[in-house]
Student: 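Mind looking over this structure? Questions follow.
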There are 2 protein chains.
Amino acid sequence: MDHEPLHRRIAGDIERRIASGEWQPGFRIPTEAELMAEYGCARMTVSRAITDLASRALVVRRRRAGTVVAHPPVHSSALVSIPDIQSEVEGRGLTYSHRLMGRIVRPALAEEEMGGRVIELETLHLADDVPFVFERRLIALDVAPDAETADFAAQPPGGWLLANMPWTEAEHRISAVGADRETAAGLGLADGAPCLRLERRTWRDGQGVTQASQIFPGGAYDLVARFSPTKG
Amino acid sequence: MDHEPLHRRIAGDIERRIASGEWQPGFRIPTEAELMAEYGCARMTVSRAITDLASRALVVRRRRAGTVVAHPPVHSSALVSIPDIQSEVEGRGLTYSHRLMGRIVRPALAEEEMGGRVIELETLHLADDVPFVFERRLIALDVAPDAETADFAAQPPGGWLLANMPWTEAEHRISAVGADRETAAGLGLADGAPCLRLERRTWRDGQGVTQASQIFPGGAYDLVARFSPTKG
DNA sequence: GAGTGGTCTAGACCACAAT
DNA sequence: TTGTGGTCTAGACCACTCC
């Protein structure tokens with residue numbers, strides 16, 4: 001039953017000793033030559049295992065000095081799953097629908113950094129006809145001129161952009177806000193009810209494509225991050 | 001000036017064609033044999049380049065079917081910086097302090113999955129003496145018996161755990177809540193004010209070590225995620 | 001100078017999946 | 001069946017950096 005590649009076994013062995021605390025941060029792990037001898041394999045195989053660990057920042061390699069166990073990150077980071085609303089709703093076995101609540105075309109403000117003209121859209125996303133997310137979105141018409149004639153009542157802006165304007169960079173901000181009047185009305189909440197706000201900006205080759213602010217009722221949604229150093 | 005390794009150059013060339021849109025999602029990129037010929041190098045060099053792209057989920061490799069450009073992350077994920085409070089405060093040039101507001105030792109509830117006994121701590125974190133975060137935390141005494149005698153008035157529980165109980169797995173949940181009475185009092189907010197709640201659970205070798213619920217005033221904090229597929 | 005990792009070669013055999 | 005990636009070998013030379 002030994003189908004595990006040798007380089008994974010080597011990486012796993014080292015990882016386990018780090019996770020168990022046997023090899024503390026700063027500890028110098030065996031050299032590649034020593035590991036070759038220990039496992040009876042070629043140097044590339046050892047090197048591949050250590051390259052994998054280094055790419056996950058578990059170890060730091062330095063010529064001449066050898067490879068040492070990395071110090072744990074002060075600001076630890078974690079992989080957070082940022083949901084695509086439609087997939088999320090359908091993944092829960094519910095029916096997705098949406099309503100376009102507002103649409104205007106206007107000059108972009110300088111601080112928006114979206115070029116000359118933008119289209120501003122307000123969309124309500126529903127799960128089984130229950131309001132779920134209220135979204136305000138800007139799309140830069142300089143970058144995505146087709147957005148001006150796209151039918152966002154038929155296809156939600158997020159889906160349209162995914163199909164027509166793949167991004168190369170994105171930034172997400174997550175914060176808590178009280179629902180403003182319009183949002184509260186759309187989502188059927190009391191004014192000021194706690195909501196999770198997910199702001200997303202994307203760029204394509206350095207040019208701003210879109211900015212979206214998505215508001216979830218606080219009780220309705222969780223963002224989950226799971227991080228395991230042993231699994232990358 | 002050409003000190004760039006060949007495998008990076010190959011990976012970079014492919015990456016650029018993906019980022020530019022020249023190679024769309026689903027496009028089958030040249031086989032390893034074709035890339036060997038194109039770059040006049042050994043197969044391992046090509047393979048290393050593609051392995052790197054695959055590890056960043058830019059492409060998907062399948063035997064026989066070849067390597068294709070990955071579909072954009074529908075459930076895109078992003079590296080979110082999960083703050084260590086003390087570092088965060090000090091990083092802003094402010095003075096960090098904390099107050100232990102509550103401490104009890106009690107049997108764990110079954111649904112807490114924390115073994116037999118836990119210590120429950122309430123800590124207020126301050127920046128320049130202004131309340132910043134209210135934290136409720138459980139620590140499993142089966143796993144971390146020393147926590148029962150540790151002086152959490154001197155060292156905040158997060159720092160103590162970092163030094164004494166490195167974790168191997170962690171899960172974060174982010175949600176929005178209205179401040180309850182105790183939290184509102186601690187943070188100097190109105191009852192029900194929108195707050196960002198960061199819940200963190202960690203495990204060590206499969207055993208629950210700690211659970212923390214950290215409440216930030218909604219206006220005081222943002223979690224920022226920046227993601228660039230071209231930079232990993 | 002010498003020890004360490006960084007890269008690369010020119011093969012080889014195997015595993016898997018599409019046909 | 002066969003084309004593709006997955007892994008591995010046994011070397012080689014180079015680059016960096018600590019001594």
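As the structure is a computational prediction, the values presented were derived from the model and not from experiment. Throughout, a chain's letter reflects where its sequence line sits, starting with A, and its residues are numbered from 1.
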Student: Evaluate the salt bridge (charged side-chain N to carboxylate O under 4.0 Å, His left out) criterion for residues A:Arg43 and A:Glu32: first the C-alpha distance (whole Å), next the side-chain angles of each, then the deciding distance (0.1 Å), finally the verdict.
Tutor: CA-CA 7 Å; A:Arg43 191 178 148 216; A:Glu32 299 193 352; 2.7 Å; yes
Student: Is the distance from OP1 or OP2 of C:dG5 to the nearest side-chain N or O of A:Thr67 less than 4.0 Å?
Tutor: yes
Student: Could you give me the CA-CA distance, side-chain angles and deciding distance for A:Glu15 and A:Arg17, then say whether salt bridge (charged side-chain N to carboxylate O under 4.0 Å, His left out) is met?
Tutor: CA-CA 5 Å; A:Glu15 221 172 309; A:Arg17 283 186 266 210; over 6 Å; no
Student: May I have the distance from A:Tyr39 (atom OH) to D:dT7 (atom P), rounded to whole angstrom?
Tutor: 17 Å
Student: Starting from P on D:dC8, measure out to CZ on A:Arg9 and report it in whole angstrom.
Tutor: 10 Å
Student: Could you check how far CZ of B:Arg28 sits from P of D:dG3, rounded to whole Å?
Tutor: 12 Å
Student: Just by distance, no angles: are the side chains of B:Ser213 and B:Arg136 close enough, under 3.5 Å, to form a donor-acceptor pair?
Tutor: no
Student: Measure the distance from CZ on A:Arg61 to P on D:dT17 and round it to the nearest whole Å.
Tutor: 15 Å
Student: For B:Arg8, which contact category applies under a 4.0 Å heavy-atom criterion: base, sugar-phosphate, or nothing?
Tutor: nothing
Student: Starting at CD1 of A:Ile29 and ending at P of C:dG3, how long is that distance when rounded to a whole Å?
Tutor: 19 Å
Student: Give a yes/no answer on whether the side chain of A:Ser47 brings an N or O atom under 4.0 Å of OP1 or OP2 in C:dT7.
Tutor: no
Student: Go along nucleotides 11-19 of chain C 5' to 3' and tag each nucleotide: B for a protein heavy atom under 4.0 Å from its base, S when only backbone or sugar atoms are that close, - otherwise.
Tutor: -B--BBBB-
Student: Any side-chain to backbone donor/acceptor pair from A:Glu34 onto A:Thr31? Under 3.5 Å, distance only.
Tutor: yes
Student: Which of the following nucleotides, C:dT9, D:dT9, D:dG6, is nearest to the side chain of B:Cys41?
Tutor: C:dT9
Student: Rounded to the Å, how far apart are A:Met36 CE and C:dT4 P?
Tutor: 13 Å
Student: Taking 4.0 Å as the cut-off, does a side-chain nitrogen or oxygen of B:Arg48 come that near to OP1 or OP2 on C:dC8?
Tutor: no
Student: Write down the distance between CD1 (B:Ile50) and P (D:dG5), rounded to a whole number of angstrom.
Tutor: 7 Å
Student: With no hydrogens and no angle check, do the side chains of A:Arg137 and A:Thr210 hold a donor and an acceptor under 3.5 Å apart?
Tutor: yes
Student: Over how many whole Å does the gap from B:Asp52 atom CG to C:dT7 atom P extend?
Tutor: 11 Å
Student: Checking side-chain polar atoms at under 3.5 Å, does A:Arg48 have a donor or acceptor matched by the opposite partner on B:Thr51?
Tutor: no
Student: So B:Leu6, base contact, sugar-phosphate only, or nothing? Heavy-atom distance under 4.0 Å.
Tutor: sugar-phosphate
Student: Which residues satisfy the ring pair (Phe, Tyr, Trp, His ring centres under 6.0 Å) test with A:His125, sequence neighbours excluded?
Tutor: A:Tyr96
